[in-house]
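Note sheet for the following structure.
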There are 2 protein chains.
Amino acid sequence: MNRRSSIDADGKDLPRSIGGRITDQLRVEILRGDFAPGARVSIKVLSERFNVSLSPLREALTRLGSEGLLSSDEQRGFWIAPVSASDHAEVTRLRISFERMALQEAILKGGIEWETRVMAALYRMNRIDRSIGGAEAKEAWETAHRTFHVELLAACDMPLLLQFVALLHGLSDRYRRIFLASNPPDKSSALEHERIADFAVSRRNEEAVDLLGKHIERTGNAVRKKLMATKQTIDVSNDK
Amino acid sequence: MNRRSSIDADGKDLPRSIGGRITDQLRVEILRGDFAPGARVSIKVLSERFNVSLSPLREALTRLGSEGLLSSDEQRGFWIAPVSASDHAEVTRLRISFERMALQEAILKGGIEWETRVMAALYRMNRIDRSIGGAEAKEAWETAHRTFHVELLAACDMPLLLQFVALLHGLSDRYRRIFLASNPPDKSSALEHERIADFAVSRRNEEAVDLLGKHIERTGNAVRKKLMATKQTIDVSNDK
DNA sequence: TTATTGCAAAAAATCGATTTGATAGTCAAT
DNA sequence: ATTGACTATCAAATCGATTTTTTGCAATAA
């Protein structure tokens with residue numbers, strides 16, 4: 001084991017190549033809502049900003065394109081993926097279907113190890129109060145929240161499904177962060193997380209799965225309301 | 001409309017950039033089974049073979065990586081995605097779930113346009129006898145087969161879901177072509193295609209969806225049998 | 001005015017060279 | 001013989017320059 005990668009808390013290798021680092025960095029920024037949907041992404045501008053050459057940058061953009069965070073046309077470059085009510089509806093619907101399937105499996109296959117990690121992730125997330133504190137508290141909560149959802153499904157032992165779930169989760173998060181940014185933290189959401197975790201570890205499959213579905217749907221509806229309201233005012237620029 | 005791209009029969013733009021062309025070319029070759037699962041992919045060798053430089057080639061490999069056709073580690077390059085019984089099982093299971101959902105929707109939303117295209121694709125596929133003729137007849141059937149499955153679900157109006165379905169279909173096809181290459185064309189499969197199409201256009205939702213599921217499962221089982229048998233002999237090289 | 005063509009500027013895509021990192025093989029020390 | 005450090009070699013990753021394509025603008029014709 002003479003890999004020179006830095007290792008994070010979970011023991012997973014962190015990307016060390018420029019391409020990998022930039023991919024991660026840009027992903028965070030897009031999900032955070034730093035770029036307007038539909039906005040052109042200039043390769044040269046970014047390469048100057050990050051002080052890297054075109055090749056690793058193009059690779060990063062290609063990857064983010066595959067994740068649905070960017071759109072692209074050949075010879076015409078990349079732009080931030082547009083937002084739309086129909087896209088959001090599909091993301092939400094697929095999340096419900098996929099995550100239900102994954103949770104069902106995770107409950108069947110998970111053991112004490114899994115239970116422990118779920119409860120740990122739940123605790124960590126609840127420990128962070130994102131209503132006080134600045135941007136970094138917010139980021140910390142986002143990370144903990146993502147980790148909770150990941151750990152909840154991790155035991156399902158279906159790597160492809162988890163990959164799809166992660167991708168959809170990213171897309172979904174972007175909508176939530178864009179349109180619910182101004183809203184206060186959601187109390188009932190916190191409660192739902194607790195109950196989902198409880199149902200899951202006590203193997204009450206149906207209740208866990210149903211509540212997870214409801215949880216996704218409820219958040220989705222809140223976003224949809226805002227999205228519809230916003231749509232009237234600022235119609236999102238959509239090149240295509 | 002001063003796009004200089006060539007246009008195919010369906011009016012869609014074909015990729016003209018080197019990166020795009022190479023991506024498509026390599027995808028075909030991998031799905032066709034030209035490379036052994038687990039085989040190292042040398043960037044330099046490929047760049048010499050295609051007479052292109054590293055940049056567009058790396059981009060192509062990155063894309064195919066996102067599609068699950070290649071695996072990669074940073075600083076250690078790319079290799080053809082390994083095959084395994086568990087991976088194949090997951091692909092099959094997800095295909096059943098996703099394609100059922102898509103077909104259900106397509107039947108609800110599709111109109112005469114859709115019906116026509118489905119029946120047309122069915123006809124074209126049946127018109128090709130892949131038991132006679134050489135490799136190009138085989139390729140033609142593969143294309144027609146893929147087109148049939150695409151048209152069948154196209155009306156569902158869920159672009160993300162269709163993207164996932166296409167990805168899984170690619171992975172699934174690879175298994176079929178690797179492990180069922182020696183088998184004679186499957187008679188009952190042809191019959192199933194007919195019946196699925198009939199059920200679909202006559203809006204017999206449940207029957208159509210169930211049969212599609214069975215169709216995928218049956219083909220999957222045939223592959224699984226071969227895969228298990230082969231596993232004993234040639235244990236697949238798996239770097240990781 | 002509206003449409004069309006030609007041209008210059010800008011941006012995307014690609015190239016070939018260079019740098020950085022991984023790996024296998026050798027040799028010395030235990 | 002086995003381990004560990006060192007080095008030569010090979011491959012991946014990155015760079016900066018060059019080529020190709022798109023795009024915005026202006027001039028001209030309908």
Side-chain angles (χ1 to χ4, degrees), chain A residues 1-7 12-26 35-36 38-66 69-81 237-240, chain B residues 1-7 12-26 35-36 38-66 69-81 237-240:
Chain A
M1 168 64 83
N2 64 338
R3 305 282 289 282
R4 31 62 234 140
S5 315
S6 23
I7 304 281
K12 282 179 293 193
D13 283 16
L14 290 174
R16 267 191 42 87
S17 72
I18 294 183
R21 276 206 312 274
I22 291 188
T23 306
D24 291 347
Q25 173 69 23
L26 277 176
F35 303 91
R40 242 177 158 311
V41 172
S42 162
I43 305 183
K44 208 178 78 189
V45 168
L46 281 182
S47 85
E48 279 163 9
R49 186 187 136 200
F50 287 117
N51 256 293
V52 301
S53 73
L54 295 324
S55 332
L57 193 41
R58 283 189 62 84
E59 235 177 88
L61 298 181
T62 302
R63 280 215 195 84
L64 296 173
S66 303
L69 266 23
L70 298 176
S71 308
S72 67
D73 270 352
E74 289 194 356
Q75 323 278 32
R76 308 214 291 136
F78 298 83
W79 58 93
I80 305 294
S237 72
N238 184 342
D239 293 0
K240 189 54 180 286
Chain B
M1 168 64 82
N2 64 339
R3 306 280 288 281
R4 33 58 239 139
S5 315
S6 24
I7 304 282
K12 282 180 293 192
D13 284 15
L14 291 174
R16 266 190 46 85
S17 72
I18 294 184
R21 276 205 313 275
I22 291 189
T23 305
D24 291 346
Q25 174 69 24
L26 276 177
F35 303 90
R40 238 170 162 314
V41 172
S42 160
I43 303 183
K44 207 178 78 189
V45 168
L46 281 182
S47 86
E48 279 164 10
R49 184 186 138 199
F50 287 118
N51 255 294
V52 302
S53 73
L54 295 325
S55 333
L57 193 42
R58 283 189 63 84
E59 235 176 89
L61 298 180
T62 302
R63 279 214 197 84
L64 296 173
S66 303
L69 265 24
L70 298 176
S71 308
S72 66
D73 270 353
E74 288 193 359
Q75 321 278 30
R76 308 214 291 137
F78 298 83
W79 58 93
I80 307 293
S237 72
N238 186 341
D239 294 359
K240 190 57 179 288

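In what follows, chains are A, B, ... by sequence order, proteins preceding strands, each numbered from 1.
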Nearest-0.5 Å distance that lies between atom CD1 in Ile18(A) and atom CZ in Phe50(A): 11.5 Å
Can you tabulate the close N/O pairs, meaning under 3.5 Å, that link protein atoms to atoms of nucleotides 6-12 of chain C?
unit_1  : atom_1 : unit_2   : atom_2 : d
dA12(C) : OP1    : Arg40(A) : NH1    : 3.3

Closest heavy-atom contact between Ser71(A) and Ala81(A)? OG-CA, 3.8 Å
Going through the checks in order, is the side-chain contact (heavy atoms from CB on, under 4.5 Å) test met by Phe78(B) and Asp73(B)? CA-CA 7 Å; Phe78(B) 298 83; Asp73(B) 270 353; over 6 Å; no
CG of Leu57(B) versus P of dA13(D): gap in Å, rounded? 12 Å
Whole-Å distance separating the CD atom of Glu59(B) from the C1' atom of dT14(D): 14 Å
To the nearest angstrom, the CG-P distance between Leu61(B) and dT14(C) comes to 14 Å
Residue pairs, two or more places apart or on separate chains, that pass side chain to side chain donor-acceptor pair (under 3.5 Å) and touch residues 51-61 of chain B: Arg58(A)-Glu59(B), Glu59(A)-Arg58(B)
Hey, what are the protein-to-nucleotides 15-17 of chain D N/O distances that come in under 3.5 Å?
unit_1  : atom_1 : unit_2   : atom_2 : d
dC15(D) : OP2    : Ser53(A) : N      : 2.8
dC15(D) : OP2    : Ser53(A) : OG     : 3.2
dC15(D) : N4     : Ser55(A) : OG     : 3.0

Atom CG of Leu46(B) and atom P of dT14(C): how far apart are they, to the nearest Å? 16 Å
What's the verdict on side-chain contact (heavy atoms from CB on, under 4.5 Å) for Leu26(A) and Leu46(A), showing C-alpha distance, side-chain angles and the deciding distance? CA-CA 10 Å; Leu26(A) 277 176; Leu46(A) 281 182; 4.1 Å; yes
Rounded at 0.5 Å granularity, tell me how far CG in Leu61(B) sits from CG in Leu69(B). 11.0 Å
What one should report as the nearest heavy-atom pair of Ile80(B) and Ala36(B) is CB-O, 3.5 Å
Measure across Ser47(B) and Leu57(B) and return the closest heavy-atom pair with its distance rounded to 0.1 Å. N-CD2, 3.1 Å
